[in-house]
Structures are given as C-alpha cells and as structure tokens.
Amino acid sequence: MEIADLPVPPDLAAGYARRGITELYPPQAACVEAGLFSGKNLLVAIPTASGKTLVAEMAMHHQVARGGKCLYIVPLRALASEKFEEFSGKGLRVGIATGDFDRRDEYLGRNDIIVATSEKVDSLLRNRTPWLAEISLLVVDEVHLIDDPSRGATVEMVIAKLRHKNPGMQIIALSATIGNPADLAGWLDAELVESEWRPVDLREGVFFEDGIRFADSVREVERKSKYEDLDLVLDTVTEGGQCLVFVSSRKNAEAFAKRAASGLKIANPILAGYADKIRSSASTDMGKILAACVAQGAAFHHAGLSREERQLVEAGFREGQIKVISSTPTLAAGLNLPARRVIVRDYLRFNAGEGMMPIPVREYRQMAGRAGRPRLDPYGEAVLIAKSEEMVDELFDYYIEAMAEDVRSRCAEEAVLCTHILSLIATGFARERGEVLGFMDGTFYAHQGESPRALKRAVDRVLEFLREAEMITEVGEWLEATEYGSLVSRLYIDPRSAEVIVNAMTRQKEYTDIGFLHLLCATPDMPTLFVRKNDMYALDRFLADHRDELWMEIPWDADEGFDRSLKTALLLADWGDEVGEDVICERYSVGPGDVYGMVESVAWLVHASRHLAGLFAPHLKAPIEEMELRTKHGIKKELLPLIRIRGIGRVRARRLFNNGIDSIEALREAGPEKVGKVLGQGIAAQVFEQLDGVRDEIGGVGEEQSTLSRFG
DNA sequence: TTCCGCAGTTTGTAGACAGCATGTC
DNA sequence: CTACAAACTGCGGAA
C-alpha cells in the first residue's frame with residue numbers, strides 16, 4: 001500500500017518520502033483497511049519496531065486536518081519526550097505534559113497533539129482541564145500496561161473517563177502481542193489488527209554448551225572463556241554487532257560489564273572521551289567503575305545511574321562505540337535502543353514474598369524485541385541461556401513458543417481503587433454509590449466479566465474508608481467530596497498517604513525535620529530503601545538518641561517497614577544537611593539516580609503536606625514550607641535566603657555563605673565586585689540585575705506576597 | 001609465612017508515575 | 001516461603 005494514496009496531508013507524506021518511506025508495512029496496511037481513516041477504534045497488537053508510531057501519527061495528522069485534537073498517552077516520561085521530538089517539526093503544534101517536564105503547559109490546549117503520561121492525564125482530568133473535552137482522537141501507547149498491578153488501573157480509568165466525556169472520540173490502542181487481544185478490542189469497541197510481522201528477521205534461540213539452538217538450525221559459538229554470557233557477546237562483536245544483556249539485578253549488571261570490559265579490551269580515543277566525561281562528572285564508586293568499563297567498550301545500565309551517565313551510555317551505544325550494555329529491565333521497556341543480539345541471561349527474578357520467579361512471557365518478548373536494528377542489522381537474535389540439556393526444551397516451551405499472557409484488569413484492587421473512586425466523586429463523574437458502580441461497569445474489569453460481587457464489596461469498603469476519613473460526605477442523597485477530599489484528589493496523592501500525614505499532623509505538637517521526613521517515608525506513596533543487615537546497627541543507634549524526635553511511634557518489635565522508612569528518612573535528612581552526593585551514595589549504598597528519585601518523591605509529598613497543613617495544622621505550614629525549599633535544593637536552613645535568587649543553587653549559595661554573604665542584604669552590601677570574586681563576574685552581574693528588580697517588586701506588591709522580605 | 005584455589009556458607013535481590021512554578025554548575 | 005549468584009570464609013597444599 002502506497003502512502004501517496006492515503007488520505008494524509010501531502011506535507012507529511014512528502015516528509016516520509018524524504019526518509020525513504022513510501023510504502024506501508026503489512027500490519028500498517030492492515031490498520032488502514034481496518035478503518036484507521038474512517039474513525040474506527042483500533043487495537044493494534046504487533047511486535048515492537050513494526051511501525052506502530054507511524055500508524056498513530058498518520059491518524060493524528062488526518063484527524064487534525066479535519067479540525068480535531070489528539071492526545072497521545074505513554075507510560076514513561078522518557079517515552080513522552082521521545083515521541084514529542086518525533087512528532088515535532090512536521091507542521092502540527094505539539095505539546096508535552098509530564099510531571100517533570102511541562103513545555104508550553106499554559107498553552108497546552110492550543111496544540112494539535114499533546115503527548116502525556118497516563119498519570120499526568122489523570123491529574124489534568126482531576127483539575128478539570130477544559131481542553132480535554134475537545135480530544136477527538138486518543139492514542140494509548142503500550143496499553144497492555146493495563147495489567148500492571150500498581151499503575152494499570154490509572155490507564156484503564158483514564159480511558160474510561162475520556163470515553164465517558166467524549167463519546168464520539170476515536171481510540172487507537174497500541175499494544176505488544178498479548179494473549180487475549182480480542183477481549184481488549186471488545187472493550188474498546190475496536191477492530192483488532194494482530195500480526196507477528198517484523199521489519200527485521202528475529203531469530204530466537206537457546207544457548208547450551210557451545211552453540212545456540214534455533215528452531216531449525218544451530219549456530220556454533222567459540223568458547224573462549226568459562227563464561228557463556230561473555231562468549232556470546234564476543235561472538236557477536238567479532239562479527240561487527242552489538243549486544244544487550246538483560247540480567248536480574250544491578251549487581252549482576254555491574255559485574256557483567258566488568259567481565260565484558262576485560263574480555264573486549266577495546267581502546268580508542270572516542271571511548272576514552274566518553275569514559276572521561278563519565279569519570280569527571282562521577283563522584284561515586286559506581287561512576288568510576290562505569291567509566292572504567294566504558295573505556296573498554298562495555299557498560300551497565302540501571303536506575304542508580306545519574307541522568308548524565310545514562311545519556312552518555314545510551315549515546316555511546318547508539319554511536320556503535322560501546323559494544324555491549326548489561327542492563328536491568330530499565331532498557332526493556334524504555335528507550336528505543338536496539339542491538340543485533342539480545343541475551344536474556346536471567347529469566348528468573350526476585351519478587352518480594354515469592355522468591356525467584358520466572359519473568360512473564362510478555363517481558364521476555366519485550367526484551368527479545370530489542371534485537372535487530374531496522375536497516376542496520378541483517379537480522380536480530382534473541383538468546384536465552386540454558387544450564388542443562390533439559391532446560392533447552394523447557395525454555396523453548398516456556399518462552400519462545402509460548403503464548404503471551406492475557407491482560408487482566410487491575411481495577412478492583414482496593415489500594416488503587418481508593419484513589420480512583422475519590423477522584424470520580426471529586427470531579428463529579430459519580431455522585432452516589434450507584435453511579436460509581438455504573439461507571440465501573442464501563443471499565444475493562446467489568447467487560448472481562450470478573451466477579452462483579454468482588455468489585456461491589458471493594459467499592460463499598462473504599463467508600464466506607466473515604467467517609468470515615470471525611471474525604472467524602474453525604475449531602476442529601478448525593479455523595480460529595482469534602483474540601484479535604486477534593487484537595488487530596490487534586491494533589492494526586494494516595495488517600496491512605498493523606499490519612500497517615502493528617503493523623504500525625506493533628507496529633508503532633510512539635511515539629512522536627514527527621515520526624516516529618518520519617519512520616520512521609522512511612523507513606524505508601526514513598527519508595528523506600530532496602531535495609532541491609534549492617535544498616536541495623538546505625539539505625540538502632542539513631543533510635544537510641546532520637547526516638548523522641550520521631551512523629552511516629554516505633555514499636556520495639558517493629559517489622560522492617562519501619563526500618564525502611566527510617567533509613568530513607570535519614571538519607572533525605574543528609575541531603576537537606578548538604579551532605580555530598582558521593583557520601584550519601586556510599587553511606588546508603590545507592591546510586592545518584594536513586595538519590596534523585598527519592599528527593600523528587602519526597603519533594604512532592606512535602607508539597608502536598610504543606611497544603612494539608614493549611615487545612616488541618618496551620619502552625620506547621622511555615623516549617624513545612626521551609627522544608628519544601630530545603631529538600632528541593634538540598635540545602636541547610638542558613639542558605640534559604642540566597643537560593644531565592646535565580647542562578648543560585650546549592651553550590652553557589654554555599655560558596656557565598658562561606659564568604660560571609662548570608663542574605664540578600666549582605667549581597668547588596670558586598671557589592672558586585674566582591675560577589676564577582678566569589679562567583680565569577682558574569683553570574684554576579686546577573687545576580688545584581690535581579691536584586692534591583694526585586695527591590696521594585698517589594699515596594700509594589702507588599703509584605704504578604706514577598707517571600708524575599710520574609711527571608712531576606 | 002604467604003599465596004592460591006577450592007568448596008562450603010552467607011548475603012542480598014527491578015523499575016519509576018504524580019504537584020507546582022520557573023531556572024543548576 | 002521461594003532461588004540464585006556474588007562475596008565471603010576457611011581449609012589445605014604448594015612455594
């Protein structure tokens with residue numbers, strides 16, 4: 001099927017033609033035949049890299065040409081920016097909305113295409129964003145994530161809410177191959193387009209002893225070492241390809257990268273350049289190890305890496321310099337980083353409470369699908385590693401020839417239901433129990449015919465909880481969100497977190513940093529650190545001295561949840577005490593990426609707490625507001641006045657302070673020359689430009705508005 | 001005495017969304 | 001309560 005014959009804008013078609021795309025892949029053609037351009041809903045269940053994005057893009061351009069507006073939902077921020085870049089510059093106005101990264105937020109609604117994470121869309125719905133009613137085409141990427149226990153319900157509810165709001169809206173759902181696509185298509189009233197077709201041939205096999213067994217052939221692999229995984233990598237690299245190795249833990253990823261580095265021993269100036277960049281920005285041991293590996297053409301990738309480290313590793317691999325990345329599942333679902341050979345080394349993964357469990361077939365497919373770069377590799381290979389002859393057949397049965405798992409709704413799980421039911425009531429989607437149940441009737445859960453009684457019971461328990469917490473109340477025959485409930489819904493925190501926070505705040509008489517942080521860390525919205533055996537001593541010692549500063553009682557026979565929140569709180573307290581990132585990483589055995597993630601999470605909860613304090617504990621508002629700034633910047637109290645100025649962060653503020661400049665006043669007194677000596681002339685000039693502006697503002701606006709006057 | 005290899009024992013275990021209001025080194 | 005690999009420990013033998 002020729003693109004030129006399709007009802008897409010000529011500019012778009014011309015753009016494709018310039019990139020050599022003139023004809024549709026078979027599954028894409030199937031989408032057109034299924035009614036892509038005639039407003040039909042579609043469920044497109046085809047492998048990664050077989051052109052799903054193009055299908056969506058054509059539909060969006062077609063839609064906009066007819067006066068429509070499109071919303072493209074993705075599960076990850078990184079994916080959002082990837083799609084934003086991809087859709088931009090092709091004649092339409094494109095906007096992006098994620099938690100950390102709002103470009104053109106204010107004018108978001110003016111765009112033709114808006115790319116957003118599912119949580120962000122949910123939040124926009126809760127805040128009654130008007131332009132959502134104008135969406136005429138909804139694209140849901142990776143819709144199989146509906147099955148995710150913690151985040152799946154959000155995807156499902158967002159789809160249900162938008163359909164409820166915009167009955168005529170076209171839906172295009174993009175999915176990996178799943179076991180029950182017809183089921184999902186049925187719920188969406190969608191035509192099903194299913195295919196196994198791929199632009200690059202994918203061979204899946206199992207390695208044992210000295211060869212990869214494919215379904216109909218064997219590929220010999222030279223054994224150079226005692227490590228199967230290493231030999232598999234060397235085999236591909238000597239052939240001119242790159243490898244991705246998926247392993248089960250960070251430690252494994254690092255260990256393998258070291259092994260691969262000494263096995264590859266590549267050395268060239270470009271790699272040395274990457275290694276230098278990583279080394280110079282890295283203050284942690286992990287960063288140094290990474291740099292040493294990269295210098296020899298290998299790297300590891302997991303969530304402990306800083307943004308910069310991640311970017312450098314990804315860039316080096318894309319460029320073809322880094323030959324192998326060993327990775328935890330970060331790379332499986334995230335960015336588009338294909339390699340000729342994918343080695344799924346660890347197909348067992350630790351699950352809390354269950355021990356080592358085989359990873360799902362869908363996840364194996366996700367990783368295997370990364371094999372083979374379109375137009376660059378002659379083929380892609382996905383290899384599992386067997387430990388025994390019998391395992392070869394087992395792995396073939398369990399993964400390569402297996403059906404993908406069914407997707408199941410996760411809506412009825414009480415923990416997530418809680419937040420979604422509150423939002424239904426707070427935004428007026430449902431005004432009484434019957435309407436809540438009626439709305440839930442339009443979900444995938446109900447469509448799947450899973451026990452309606454279980455759902456009803458769960459809904460009743462949730463309503464009871466929300467009523468008891470006074471987040472909802474009865475007004476006549478209607479249910480309404482209280483001010484508290486509506487705030488919790490808009491803040492987008494788990495109602496259970498809000499309860500934990502509010503209960504402690506109303507009981508507590510004295511504010512302490514560690515007490516407050518510990519409280520937030522004990523909340524279900526906060527990710528917590530793993531407690532190792534040798535942490536116990538330090539935690540006990542801290543408790544011995546500071547038990548009375550905590551807001552939450554710690555029973556002597558506390559389970560590990562308390563330890564985890566305490567350890568996490570201590571990390572965050574260190575962060576607020578300007579303890580260096582390297583020291584924190586070492587002390588808590590985490591990477592810079594973890595610190596960043598935890599600071600981000602707690603900053604969000606501190607922010608929410610400030611609003612909650614405004615309602616329930618006004619006396620805590622001031623200290624919490626102070627804490628909000630301190631966590632955000634990672635500074636001690638004494639630097640608060642200084643970071644008010646644009647261009648001054650934790651490092652420059654500290655430098656000023658140590659030079660005796662501790663306030664706005666002191667800055668003025670010191671004058672541009674002295675400040676210039678401390679910070680450099682350029683920045684000093686910038687600072688004083690602002691100081692003059694600020695003075696005018698204070699005069700005009702008055703005490704209340706000016707935070708500057710309060711701190712300075 | 002020191003070093004090495006081996007076998008048995010202990011230890012630790014993936015990821016990442018959301019608010020708000022603008023700018024780190 | 002599940003399972004695995006890396007890190008650690010202790011032992012014996014060689015240098």
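Chain letters run A, B, ... following the sequence lines, proteins first, then strands; residues in each count from 1. Given the structure is predicted, the values throughout are model-derived calculations rather than measurements.
- The environment of A/Lys636 atom NZ is dense: over 12 non-hydrogen atoms of other residues, nucleotides or ligands sit within 6.0 angstrom.
- Atom CG of A/Leu108 and atom P of B/dA21 are 15 Å apart (whole Å).
- For A/Glu413, there are no side-chain hydrogen bond (donor to acceptor under 3.5 Å, both in side chains) partners two or more places apart in sequence or in a different chain.
- Take A/His633 and apply the ring pair (Phe, Tyr, Trp, His ring centres under 6.0 Å) test, not counting sequence neighbours, and it matches no residue.
- When the side-chain hydrogen bond (donor to acceptor under 3.5 Å, both in side chains) test is applied to A/Ser327, no partner is found at least two apart in sequence or on another chain.
- Every residue two or more places apart in sequence or in another chain was checked for a ring pair (Phe, Tyr, Trp, His ring centres under 6.0 Å) with A/His420, and none qualifies.
- In this model, the phosphate group of B/dA18 is approached by a side-chain N or O of A/Thr117 to a distance below 4.0 Å at OP1 or OP2.
- When rounded to the nearest whole Å, the span between CD of A/Glu578 and P of B/dC25 equals 11 Å.
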Exercise. Can you give one letter per nucleotide of nucleotides 7-15 of chain B, going 5' to 3': B for a protein heavy atom under 4.0 Å from the base, S for sugar-phosphate only, - for none?
Worked result: ----SSBBS
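- For B/dA16, there is no paired nucleotide, since no Watson-Crick or G-U wobble pair has both relevant distances below 3.5 Å.
- A salt bridge links A/Arg126 and A/Asp122; the closest N-O separation between the charged side-chain nitrogens and carboxylate oxygens is under 4.0 Å.
- Protein atom CD of A/Glu600 is 9 Å distant from nucleotide atom C1' of B/dA16, rounded to whole Å.
- Stem list for DNA chain C (at least 3 consecutive Watson-Crick or G-U pairs, distances under 3.5 Å): B:1-13 with C:3-15.
- When the side-chain nitrogen and oxygen atoms of A/Arg610 are compared with OP1 and OP2 of B/dG19, none of them lie within a distance under 4.0 Å.
- A/Leu76 comes within 4.0 angstrom of sugar-phosphate atoms only, judged by non-hydrogen atoms across all strands, and of no base.
- For A/Thr154 and B/dA18, the shortest distance from a side-chain N or O to OP1 or OP2 is not below 4.0 Å.
- Two rings, from A/Phe616 and A/Tyr484, have their centers less than 6.0 Å apart.
- Taking 4.0 Å as the cutoff to heavy atoms of chain A, we find the contact window on DNA chain C bounded by C/dC1 to C/dA6.
- The base of B/dG19 sits with one of its N or O atoms less than 3.5 Å from a complementary donor or acceptor on the side chain of A/Glu628.
- Around CD of A/Glu586, the count of heavy atoms belonging to other residues, nucleotides or ligands within 6.0 Å does not exceed 12.
- Backbone-only contact: A/Lys387 has heavy atoms under 4.0 Å from sugar-phosphate atoms and none from a base.
- Between B/dG15 and C/dA3, the two P atoms lie 23 Å apart (nearest whole Å).
- Applying the side chain to side chain donor-acceptor pair (under 3.5 Å) rule to pairs touching residues 71-80 of chain A yields A/Tyr72-A/Asp141, A/Arg77-A/Glu600, sequence neighbours excluded.
- Residues passing the side-chain hydrogen bond (donor to acceptor under 3.5 Å, both in side chains) test with A/Glu405: none are found, sequence neighbours excluded.
- Under a cut-off of 6.0 angstrom, the local environment of CD in A/Glu308 is sparse, with at most 12 non-hydrogen atoms contributed by other residues, nucleotides or ligands.
- Partners of A/Tyr588 according to the ring pair (Phe, Tyr, Trp, His ring centres under 6.0 Å) rule, which considers only residues two or more places apart in sequence or in another chain, do not exist here.
- Both distances falling under 3.5 Å, in either a Watson-Crick or a G-U wobble arrangement, occur for no nucleotide opposite B/dT22.
- Nucleotides C/dA5 and B/dA14 have their P atoms positioned 15 Å apart, rounded to a whole Å.
- Residue A/Asp122 is out of contact with every strand shown, counting any heavy-atom pair closer than 4.0 Å.
- Residue A/Arg410 comes nearest to A/Val416 through the heavy atom pair O-CG2, 3.7 Å, listed as atom of the first residue, atom of the second, then distance.
- The side-chain hydrogen bond (donor to acceptor under 3.5 Å, both in side chains) search around A/Ser589 returns A/Arg532, not counting sequence neighbours.
- Applying a 4.0 Å cut-off to non-hydrogen atoms, the residues of residues 646-656 of chain A that approach DNA chain B are A/Arg646, A/Gly647, A/Ile648, A/Gly649, A/Arg650, A/Val651, A/Arg652, listed by residue number.
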